[in-house]
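Order of the sequence lines fixes the chain letters, A, B, ..., with proteins taken first and strands second; residue numbering starts at 1 for each chain.
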Number of protein chains: 2
Amino acid sequence: MFYSIGMSTASTKPIGSRERILAVAAERFLAAGYVETSLRDLASDAGMKAGSLYYHYPSKDHLLIAVLERGMEFMADAFERAAESLDGSTDFEMLRAHVEAHLRALHDNRPYTAGHVTLFRTAPQFVRESIVPLRDHYESLWTALLVRLLPERSSKEITMLRLGLVGAMNASIDWLDTERGDVGPFANLIAEQFWFGASSGGGHGDEARATKEKP
Amino acid sequence: MFYSIGMSTASTKPIGSRERILAVAAERFLAAGYVETSLRDLASDAGMKAGSLYYHYPSKDHLLIAVLERGMEFMADAFERAAESLDGSTDFEMLRAHVEAHLRALHDNRPYTAGHVTLFRTAPQFVRESIVPLRDHYESLWTALLVRLLPERSSKEITMLRLGLVGAMNASIDWLDTERGDVGPFANLIAEQFWFGASSGGGHGDEARATKEKP
DNA sequence: GTCTATACTTGGATAGAC
DNA sequence: GTCTATCCAAGTATAGAC
């Protein structure tokens, strides 16, 4: 089976092999797991034979690293783009915008980003070590945001809150079906719950529910 | 290497082989992953040879099923024990008690329960299908609790809130080091944040912070 | 209940032709 | 850049002795 981006006819500019391999790898690693995916599987998906993969990547590990790196790049880019043009915002608006950016980046680039959530923990040590710097960088962006929003919290509390928030957002990859990709309502719910709490069932300013219920 | 529960001398009643195999499997599966763990590894940890495992379990898959089942039993038991003796409690107290019960069960039986969090997603299909019923049952306990606490929420919102809350709690297995096992403060933080929101930095009733800061 | 020995399969990686 | 052919390692599972 061929990966179907730009492969329909020879007229559309075909995607480079290196990039195509990366795409099918992200897809397969996520769907079937890293170890369960053989290089023969990947080669088949990419329309070539196993041995040919080594012309583009030096090993299976390096291929996984490339997938995870790409995923982290998507996430960090989204965060930084969301950070622009938020100068006049309220604290909650700022939080909400970043939550939405995270969720959107997570789901719009699913094979790469969800792979990060799913595969990192069980990846070979060599792979994990290669990715840690990128991971740390992304975490530091969230830490800085939360410190800014919650200046009175201890750093331990900030860490816990960050992990809880990110954990809650990432848990959505298991079930949030973006069939028409509207993560907006869920972003609102998450941000609202994080900021105001679940017990305050909707009575805290219109901006919190602005896009939540559109009748 | 031998698993060290009750194996010091022949005087202490030795743990049965079947149970010992289960314990080392939970440990190894969590630490190294399911596929990365060979039956030879498990046998070595359990003090026997690979072939002997088949006297106790019919396959590697069944061994993983047994580990995950045990984990779910721990979790469900803890939830139901927490549910007793909570009749006169406030809503928040009830939530907090269940959060603490979940976290305590999660960390006190770590190899089994964390295995559930880590291994389920990447487990062979046959394994996943076998434990889905147990998983559903545990999720239904939380759903029922949240419905009771938040009667005005839609069922979709309840689902999202449950997944967010459980996701946040489960994320703690990656970093919460229970070196002297005090999950209490973290349970407070999670419950507080979920119920009152992160922005309300401590000004909402003493019961919320009762055990949080003990000077 | 545990051991030894082994059958059988699959996977990552390399070499050299085209 | 891709293919074919192949090497070598490792794993699950089985059979039968003790």
Side-chain angles (χ1 to χ4, degrees), chain A residues 1-3 5-7 10 13-29 31-68 119 122-128 130, chain B residues 1-3 5-7 10 13-29 31-67 119 122-127 130:
Chain A
M1 306 236 183
F2 283 74
Y3 193 68
I5 292 181
M7 290 294 294
K13 178 170 126 261
I15 217 173
S17 287
R18 190 185 157 83
E19 197 64 22
R20 195 172 68 252
I21 292 167
L22 193 65
V24 300
E27 206 93 49
R28 273 260 186 183
F29 287 165
Y34 178 66
V35 271
E36 292 89 343
T37 301
S38 71
L39 293 180
R40 290 168 174 85
D41 291 335
L42 294 181
S44 160
D45 284 1
M48 55 175 59
K49 301 292 171 142
S52 312
L53 296 173
Y54 286 85
Y55 178 82
H56 301 280
Y57 294 92
S59 79
K60 194 186 175 190
D61 278 1
H62 284 84
L63 192 41
L64 177 56
I65 289 174
V67 169
L68 297 176
L119 300 169
T122 59
Q125 190 183 9
F126 165 65
V127 174
R128 282 202 310 275
S130 302
Chain B
M1 303 231 186
F2 282 75
Y3 194 70
I5 292 180
M7 291 294 293
K13 178 168 126 261
I15 217 174
S17 287
R18 190 184 157 84
E19 196 65 23
R20 195 171 67 251
I21 292 167
L22 193 66
V24 300
E27 206 94 48
R28 275 260 187 182
F29 287 164
Y34 178 65
V35 272
E36 291 89 343
T37 301
S38 71
L39 294 179
R40 290 172 175 84
D41 291 335
L42 295 182
S44 160
D45 285 1
M48 55 177 59
K49 301 292 173 159
S52 312
L53 296 173
Y54 285 85
Y55 177 83
H56 301 280
Y57 294 92
S59 80
K60 196 185 173 189
D61 278 1
H62 284 84
L63 192 41
L64 177 56
I65 290 174
V67 169
L119 300 168
T122 58
Q125 190 182 7
F126 165 64
V127 174
S130 300

(request) Hey, could you give me the OH/CD1 distance between A/Tyr57 and A/Ile65, rounded to the nearest 0.5 Å? (result) 11.5 Å
(message) Working to the nearest 0.5 angstrom, can you tell me the gap between A/Thr122 OG1 and B/Phe29 CZ?
(response) 14.0 Å
(request) Indicate, with yes or no, if the rings of B/His62 and B/Phe126 have centres closer together than 6.0 Å. (result) yes
(request) Compute whether any side-chain donor of one residue and acceptor of the other, for B/Asp41 and B/Ser44, lie under 3.5 angstrom apart. (result) no
(request) Test A/Asp45 against every option in A/Arg28, A/Arg40, A/Arg20 by the side chain to side chain donor-acceptor pair (under 3.5 Å) rule and name the one that passes. (result) A/Arg28
(request) Return the 5'-most residue of the pair A/Met48, B/Glu36 with respect to DNA chain D, ranking by each residue's nearest nucleotide. (result) A/Met48
(request) Specify the residues of residues 49-65 of chain B, ordered by number, for which at least one heavy atom lies under 4.0 angstrom from an atom of DNA chain C. (result) B/Lys49, B/Ser52, B/Tyr55, B/His56
(request) Give the rounded distance in Å between these two atoms: CG of B/Asp41 and P of D/dA10. (result) 11 Å
(request) Figure out the OH/P separation between B/Tyr34 and D/dA10, and round it to whole Å. (result) 20 Å
(message) Quick one, B/Met48 and B/Ile21 - any side-chain contact, counting heavy atoms below 4.5 Å?
(response) yes
(request) Mind calculating the distance between CD (A/Glu19) and P (D/dG1) to the nearest angstrom? (result) 14 Å
(message) What's the closest nucleotide to the side chain of A/Leu39 if the choices are C/dC3, D/dT2, C/dG12?
(response) C/dG12
(message) In whole Å, I'd like the distance from the CG atom of A/Leu42 to the C1' atom of D/dT2.
(response) 16 Å
